[in-house]
Amino acid sequence: MLYGAFVVAPSGITLKEAVTSACITLTSACLALLSNPKSWRLPDFRSAWKKLRSEWIKGLNPTRVEYAAVIAGALSILLPIYLGFDAALRLVRWGIIDDDRFIVIISGLLIAVFGCQQLIGRIVRPLIKKILEKIESEEFEESVGDFIKSGPHVGWIERFILFSFLVSGNPAAAALVVTAKSLARFPEIQQAEKLVGDYYLVGTLTSVAVALATSSITRVALGMPPL
């Protein structure tokens, strides 16, 4: 919803656009809930707040001087923020919201990092299934499972860095990122079986291809050559 509001902000958010964005957000939430309902838990904000408040108050006995110091410190921080709020708001609107290039880059980045995760997951899913079966049969160690679980998170960081370098026109730096990742993960791959190495290779190549494709499309949308 926030992303949709950000995209349509330059043209003004009407009731129709707001309702459409809300419907898309609710649909996405429903699909996520249906895909893995056991992972959704409603947080108990009341008990969490009571716990935090008790931890904060526990052991504290502030004096009037300390109260005055806290108030003075808060005013010294909030007053400059208030005075510079209008200027900061104009800067954000002129430099970010009204600049289509920023929206194009952010859109491409979100698609590369998160939007293509399902595609990458579908490609490596058969290999993951075989690896998990071998872990259950104790042919592979539990550390291999930890290696597999960290894959998506490493992929997010990898695609973020690759996209940033490729969009800015630095493919050589992007190549160094892949090399650094390979060197960092090499000891774990060396100790594992060929199946784990295949998973790493397929996942890395797919992630790099996704980052390359999205960055090239983003550069074309910005009026620049693909690479």
Side-chain angles (χ1 to χ4, degrees), residues 1-13 17 20-21 23-25 27-29 31-32 35 90-128 147-186 188-189 194-227:
M1 181 179 288
L2 291 175
Y3 173 73
F6 174 74
V7 172
V8 302
S11 61
I13 302 177
E17 292 168 341
T20 303
S21 178
C23 291
I24 294 174
T25 303
T27 303
S28 302
L31 292 175
S35 64
R90 289 195 299 269
L91 177 62
V92 170
R93 182 168 183 83
W94 294 343
I96 297 178
I97 297 179
D98 289 342
D99 192 350
D100 291 340
R101 294 176 300 175
F102 184 83
I103 296 175
V104 170
I105 294 173
I106 292 297
S107 300
L109 179 64
L110 291 174
I111 293 172
V113 176
F114 302 109
C116 295
Q117 182 63 43
Q118 291 292 331
L119 174 63
I120 300 172
R122 287 184 178 275
I123 293 175
V124 299
R125 189 172 298 167
L127 295 172
I128 294 177
F147 177 83
I148 299 299
K149 291 178 181 178
S150 64
H153 305 91
V154 174
W156 293 344
I157 301 172
E158 177 189 30
R159 289 192 297 278
F160 174 82
I161 299 175
L162 286 175
F163 181 89
S164 301
F165 281 135
L166 291 171
V167 165
S168 61
N170 294 298
L176 290 177
V177 173
V178 180
T179 304
K181 176 189 174 184
S182 301
L183 291 175
R185 306 281 269 182
F186 180 74
E188 297 173 327
I189 300 172
K194 179 178 179 297
L195 185 60
V196 180
D198 292 341
Y199 159 79
Y200 172 80
L201 183 62
V202 172
T204 299
L205 292 178
T206 307
S207 183
V208 171
V210 164
L212 179 61
T214 52
S215 61
S216 299
I217 295 172
T218 301
R219 285 178 61 88
V220 170
L222 294 172
M224 297 188 293
L227 293 175

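Worth saying up front: this structure is predicted, and the values here are computed from it rather than measured. We number each residue from 1, following the sequence as shown.
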For [X] against [Y], the heavy-atom pair lying closest together:
X: Ala221; Y: Val104; result: CB-CG1, 3.9 Å
X: Pro226; Y: Val220; result: CG-CG2, 4.0 Å
X: Ser216; Y: Leu212; result: OG-O, 2.8 Å
X: Ala112; Y: Thr214; result: CB-OG1, 3.2 Å

How long is the straight-line distance from [atom2] of [Y] back to [atom1] of [X], given to the nearest 0.5 Å?
X: Leu176; Y: Ile161; atom1: CG; atom2: CD1; result: 11.5 Å
X: Ile105; Y: Leu222; atom1: CD1; atom2: CG; result: 5.0 Å
X: Leu110; Y: Ile106; atom1: CG; atom2: CD1; result: 6.5 Å
X: Cys116; Y: Ile123; atom1: SG; atom2: CD1; result: 9.5 Å
X: Gln118; Y: Arg125; atom1: CD; atom2: CZ; result: 7.0 Å

Mark yes or no for whether Ser207, through its side chain, and Gly203, through its backbone, hold a donor-acceptor pair below 3.5 Å. no

With distance as the sole test, does Arg219 use its side chain to make a donor-acceptor pair with the main-chain N or O of Pro225 at under 3.5 Å? yes

Could you check if a side-chain atom of Leu162 sits within less than 4.5 angstrom of a side-chain atom of Ser215, using non-hydrogen atoms only? no

Using a 4.5 Å cut-off on heavy atoms from C-beta on, say whether the side chain of Val113 contacts that of Phe163. no

For the side-chain contact (heavy atoms from CB on, under 4.5 Å) test, which of Val208, Ile120, Ile111, Leu109 pairs with Arg159? Ile120

The side-chain contact (heavy atoms from CB on, under 4.5 Å) partner of Val202 among Thr204, Thr206, Leu205 is Thr206

Using the six-membered ring wherever Trp is involved, compare the ring planes of Tyr200 and Phe147 and label them parallel, tilted or perpendicular (cut-offs 30° and 60°). tilted

